[in-house]
Amino acid sequence: MSIRKKLILSYIGMILIPFLLFIATSFLLVTFFFKDAFGPHTHTIWGRNAAGETQQFPGYMSERNKWLDGITLFAEYDPDKLADPAFLQHADQSLQPLDSALAVVRGGRLLFASAALPAEGLAANLESSTAQAGPDGSSQEKGPNGWGGPQLAIGGHSYSVERQPLAFADGSQGAVYFLTDTGRTVRFFRTLVPLLLLALLLAIALTNGLLTALVSRSIIPPLRELKRAAERIKEGELGHELKPGKRDEIGELSDAFEDMRRRLQESVRLQLQYEDNRKELFSSISHDLKTPITAITACAEAMRDGIASAPGMQIKYIDMIHKKAGDMDRLIDELFLFSKLDLHRLPFHFEPVDLRAFLRDCAEDLRLNPQNGGVRVVFAEADGPPVMADADREKLQRVVTNIVDNSLKFMEAGSGAAGAKEIRFTLDAAGNAGQVTVGVRDNGPGIKPEALPHIFERFYREDAARTPGTGGSGLGLAIVKRIVEEHGGRVWAESVPGSGTSIYFTLNRSSGPVREEGGANEAGADH
Ligand code: ADP
């Protein structure tokens, strides 16, 4: 259940449950006080009447009201009955256990007063206390059953006074006063009301306490767990997995937190890896720059110390210095290019390029280069309709050059397949509908299977000793990979040690216009 639902339900509970509890408690309290629920001799708060009987509140009230109604009736229809001493005596006796009393005034003089009332000055007292009488002479301010009548203090008791005017048969006027001692009732309510209030407070406190404990049990512990997890992350402890929470808002928060922790962990791992790579990069650069510098220094020292005094030797040393300086220059160029590619700072200008014509040009350039004598360059798919791809022509040239340079370099250095050295270009436009695959295959020494997955890594060279025999910075294929990826393609290698290497890369097909290829194409066509 969601926390929102739980809170709504607990709010409803906090209103409803105390209300129901209060009603139930009130019912019990009232039952306990109003009724003698525990047997006839139990002394209830209402106590026993003068006759020693246990009184019950409802009986007491209805009895008293009966008398009040009866006297009112007599006052209206048979006022002379209220001048009958026998009747008044009987009424007085019946009213005593009900804490009520009667007084009758006739012609301004007290005709009858209950024994509980002091006769002296009573008529005047009663008259003045009910002076606010209405035009009919009856008490104006009447509560239910006359309980709220004017109050009169007599002989240490507080009475509620009800007045009914009397018009006797002989023409004299008077009034009958019905007095109720409110002391006992007030005491009763004084005890009951605080108890009821206490019950209400207890009901509210109990319900709130229980519901708060219930709701907070589903909120506080998972929040504490989250806090602990946050503290662990603050301390850099990212490996502690947060268990999936309940299906509520905090559960969702835990899931999001766990997701964040995993990403953070991954990013820290990458950060550390980058840091390692950076250190490795520095050491590789230092190594690759140090080697030619050491050679140049050695040659220069040899010449300065006159070791290479023979003119032939001097030329040899100068050639060596020139070659090493060239190596360094190339390395710095490649490093510069690679770093720009790595930082995505090299602008690319894509245009539709006819790959068939482009590869035809590359093949022709290779054939025309006198340094490549003895290398057979084959492009079987040279003829056919244009195969258009979106590419940056200059960068694409760089890709092909780097791959071909490797083929030439390693075919020269290693023992490949028997027969003539061969570089074969392939173009496959039939495979993937949206892409074209270009391949450069040689029949050089090949690459060992364990080295194959690493050849596109920067500074990776299968020759672990980094001996300068095959030259190279180890950046050539890393540059190829970055350029191809910027084109939205991928690059991979296949190789069989001893029989050759194939490097393939894909480019996105272009829907752009077919462009006529430049002069190089025409030059190549002649060969
Ligand atoms: P390098 O400057 O060393 O050539 P590259 O990134 O171009 O660096 O190539 C990485 C490594 O891949 C090379 O050192 C070599 O071991 C291997 N390699 C690449 N092309 C070939 C190939 N045509 N034949 C054999 N090995 C190759």
Side-chain angles (χ1 to χ4, degrees), residues 46-47 49-53 55 57-188:
W46 201 237
N49 62 16
E53 296 158 341
Q55 283 183 330
F57 191 73
Y60 171 90
M61 288 297 286
S62 64
E63 196 68 11
R64 181 198 157 279
N65 290 343
K66 231 158 56 191
W67 275 102
L68 178 60
D69 291 346
I71 282 161
T72 310
L73 210 69
F74 278 129
E76 210 167 316
Y77 296 106
D78 188 7
D80 285 326
K81 187 83 178 166
L82 296 171
D84 177 359
F87 170 74
L88 290 171
Q89 210 65 45
H90 165 69
D92 186 35
Q93 274 176 11
S94 306
L95 285 172
Q96 266 180 30
L98 302 172
D99 297 319
S100 297
L102 267 181
V104 181
V105 175
R106 185 176 190 169
R109 291 185 46 225
L110 188 69
L111 185 69
F112 174 82
S114 293
L117 304 172
E120 203 179 324
L122 183 65
N125 267 344
L126 290 169
E127 211 50 50
S128 66
S129 72
T130 54
Q132 300 287 327
D136 61 346
S138 63
S139 298
Q140 234 179 13
E141 297 173 31
K142 273 193 179 177
N145 294 318
W147 277 94
Q151 297 290 312
L152 183 64
I154 307 169
H157 290 267
S158 181
Y159 290 98
S160 167
V161 185
E162 320 287 329
R163 178 185 187 276
Q164 290 296 330
L166 294 174
F168 294 102
D170 63 0
S172 57
Q173 298 290 316
V176 60
Y177 296 91
F178 192 93
L179 295 95
T180 306
D181 186 348
T182 53
R184 197 187 285 271
T185 313
V186 167
R187 272 205 312 282
F188 171 74

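If you're wondering where the values come from, they're calculated on a predicted model, not measured in any experiment.
Note that OH of Tyr177 and CG of Leu166 are 9.0 Å apart. Values are rounded to the nearest 0.5 Å. To the nearest 0.5 angstrom, Arg163 atom CZ is 12.5 Å from Leu179 atom CG. Rounding to the nearest 0.5 angstrom, the gap separating the CG atom in Leu73 from the CD atom in Gln164 is 10.0 Å. Interatomic distance, CG of Leu152 versus OG of Ser160, reported as 10.0 Å (0.5 Å rounding).
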Could you tabulate the donor-acceptor pairs under 3.5 Å formed by side-chain atoms of residues 111-125, not counting sequence neighbours?
residue, atom, partner, partner atom, Å
Ser114, OG, Asp92, OD1, 2.5
Ser114, OG, Leu102, N, 2.7
Ser114, OG, Leu102, O, 3.2

Just distance, no hydrogens or angles: give the donor-acceptor pairs under 3.5 Å from side chains in residues 75-83, sequence neighbours left out.
residue, atom, partner, partner atom, Å
Asp80, OD1, Ala169, N, 3.4
Asp80, OD2, Ala169, N, 3.3

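Listed by chain and residue number, Phe87 satisfy the ring pair (Phe, Tyr, Trp, His ring centres under 6.0 Å) test with Phe74 (two or more places apart in sequence, or in another chain). Taking His157 as the reference, Asp181 meet the side-chain hydrogen bond (donor to acceptor under 3.5 Å, both in side chains) condition, with sequence neighbours excluded.
Residue pairs meeting the salt bridge (Lys or Arg N to Asp or Glu O under 4.0 Å) criterion with at least one member in residues 100-114, sequence neighbours excluded: Arg106-Asp170.
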- Message: Using the rule given for side-chain contact (heavy atoms from CB on, under 4.5 Å), can you reason through Thr72 versus Phe178, listing the C-alpha separation, both sets of side-chain angles and the distance that settles it, and then say yes or no?
- Response: CA-CA 9 Å; Thr72 310; Phe178 192 93; over 6 Å; no
- Task: Would you please test Ser94 and Trp67 for side-chain contact (heavy atoms from CB on, under 4.5 Å) and show each step?
- Result: CA-CA 9 Å; Ser94 306; Trp67 275 102; 3.2 Å; yes
